[in-house]
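These numbers come from a predicted model, not from an experiment. All residue numbers in this chain count up from 1 along the given sequence.
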Amino acid sequence: MFNIVIFGAPGSGKGTQSERLIDEYGLYHISTGEVLRDHIARGTDLGKVAETYISQGQLIPDDLMVDILAHVLDNNPETSKGVIFDGFPRTIPQAKALKKMLADRNSKVHAVVGLEVDDKELVDRLIKRGQESGRSDDNLDTINRRLEVYHNQTSPLREYYQGEGKYHAIPGSGKVDEIFETIKDSLKKVQE
């Protein structure tokens, strides 16, 4: 099993590079947003509890999110080769909870792929994405708020995973193919 966390600010290319990592390594993609929407749509017990928080505009508690991820791992044979966690963890307590949940399954996070892009380029990318896709959350005010939340809450994970020797800083600017080659070169060291 080979588990990767993909990490980076909004607009850093996580979705694009996740698709390539899935294809390259045969990983199962776990996007917390998609998992939550699926549980809510199916009306599962976990989905009903999650919906009570979401409908009140609250974040899902860490323990509930970890339970939902554990359910995905325990009920999908496709996860046996490994998974890519997209959108989780976002905080150090979440990272610690993920570590424990995986350890309970005799596994771990093997690598954290950190896509590093400066804020000016992130803003430019997200504005362009909003113009092309019509996504209402890709406007300047919302983008600036999302980047502020990222820098305040999520970026401390970089240091946490550096301390564990799992963080792979990947320059996220440039051509998509070249960025992916850099990711693969960096992950070779983990797989040896």
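Screening L73, N3, I22, V83 for a side chain to side chain contact (heavy atoms under 4.5 Å, CB included) involving Y28 leaves a single residue, V83. The residue from I60, L46, L64 that alone fulfils the side chain to side chain contact (heavy atoms under 4.5 Å, CB included) condition with L36 is I60.
Residues V112 and E164 fail the side-chain proximity criterion, which asks for heavy atoms closer than 4.5 Å. Between R20 and I183, the closest side-chain pair of non-hydrogen atoms is not below 4.5 Å. With contacts defined as side-chain heavy-atom distances shorter than 4.5 Å, the pair M101/D67 does not qualify. V66 places a side-chain heavy atom less than 4.5 Å from the side chain of F88. Side-chain atoms of I179 and P171, non-hydrogen and from C-beta on, never get closer than 4.5 Å to each other. Side-chain contact check for Y25 versus I84: every heavy-atom pair is 4.5 Å or farther apart. Using a 4.5 Å cut-off on side-chain heavy atoms (C-beta onward), V5 and K166 make no contact.
The minimum heavy-atom distance between M1 and S107, with the atom names listed, is SD-OG, 3.3 Å. Nearest heavy-atom pair, Y161 versus A95, reported as atom, atom and distance to 0.1 Å: OH-CB, 3.4 Å. V123 and L140 make their closest contact through CG1-CD1, 3.7 Å (heavy atoms, listed as atom of the first residue, atom of the second, distance). Across every non-hydrogen atom of A9 and L147, the tightest pair is CB-CD2, 4.0 Å. For H168 against S186, the heavy-atom pair with the smallest separation is ND1-OG, 2.5 Å. What you find for A70 and R105 is that their closest heavy atoms are CB-NH2, 3.3 Å.
Atoms NE2 and CG, on H29 and L21 in that order, are 9.5 Å from each other to the nearest 0.5 Å. For the atom pair CG (N139) and CD1 (I127), the distance works out to 7.0 Å, reported to the nearest 0.5 Å. Once rounded to the nearest 0.5 Å, the distance linking OG1 of T154 with CD1 of I92 reads 10.0 Å. Atom OH of Y150 and atom CD1 of I143 lie 15.5 Å apart (nearest 0.5 Å). The distance from atom CZ of F85 to atom CD1 of I6, rounded to the nearest 0.5 Å, is 13.0 Å. Between atom OG of residue S155 and atom CG of residue N152 there is a gap of 7.0 Å, rounded to the nearest 0.5 Å.
Using a 4.5 Å cut-off between side-chain heavy atoms of Ile, Leu, Val, Met, Phe, Trp and Tyr, with links allowed through other members, I68 and I30 fall into the same hydrophobic cluster. Linking ILVMFWY side-chain heavy atoms closer than 4.5 Å, directly or via other members, places F180 and V190 in a single hydrophobic cluster. V113 and L122 end up in different hydrophobic clusters when Ile, Leu, Val, Met, Phe, Trp and Tyr side chains are linked at under 4.5 Å.
Ring geometry for H110 against F2 counts as tilted: the plane angle lies between 30° and 60°, on a 0 to 90° scale.
Taking a cutoff of 4.0 Å between a charged side-chain nitrogen and a carboxylate oxygen, K188 and D185 qualify as a salt bridge. Using a cutoff of 4.0 Å between basic side-chain nitrogens and carboxylate oxygens, K128 and D124 are not scored as salt-bridged. Taking 4.0 Å as the cut-off between side-chain N and carboxylate O, D62 and K96 do not count as a salt-bridged pair. With salt bridges taken as basic N to acidic carboxylate O contacts below 4.0 Å, none links R37 and E34.
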Report task. Please step through salt bridge (charged side-chain N to carboxylate O under 4.0 Å, His left out) for the pair K100 and D104, ending with a clear verdict. Result -> CA-CA 6 Å; K100 182 185 180 318; D104 290 345; 3.1 Å; yes

Report task. Decide side chain to side chain contact (heavy atoms under 4.5 Å, CB included) for M65 and Q94; before the verdict, give the C-alpha distance in whole Å, the side-chain angles of both, and the deciding distance to 0.1 Å. Result -> CA-CA 9 Å; M65 197 65 239; Q94 288 178 356; 5.6 Å; no

Query raised in the report: Could you go step by step and tell me if T142 and L126 meet the side chain to side chain contact (heavy atoms under 4.5 Å, CB included) rule?
Result: CA-CA 10 Å; T142 304; L126 291 168; over 6 Å; no

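Within 6.0 Å of CD in E159 there are 12 or fewer heavy atoms belonging to other residues, nucleotides or ligands. Within 6.0 Å of atom CD in E148, 12 or fewer heavy atoms from other residues, nucleotides or ligands are found, so the atom counts as exposed in its surroundings. For R146, the CZ atom is densely surrounded, since the number of other residues' heavy atoms within 6.0 Å is greater than 12.
With hydrogens and angles disregarded, no donor-acceptor distance shorter than 3.5 Å links the side chain of R158 to the backbone of Y167. No donor-acceptor pair under 3.5 Å is formed between the side chain of N76 and the backbone N or O of T79.
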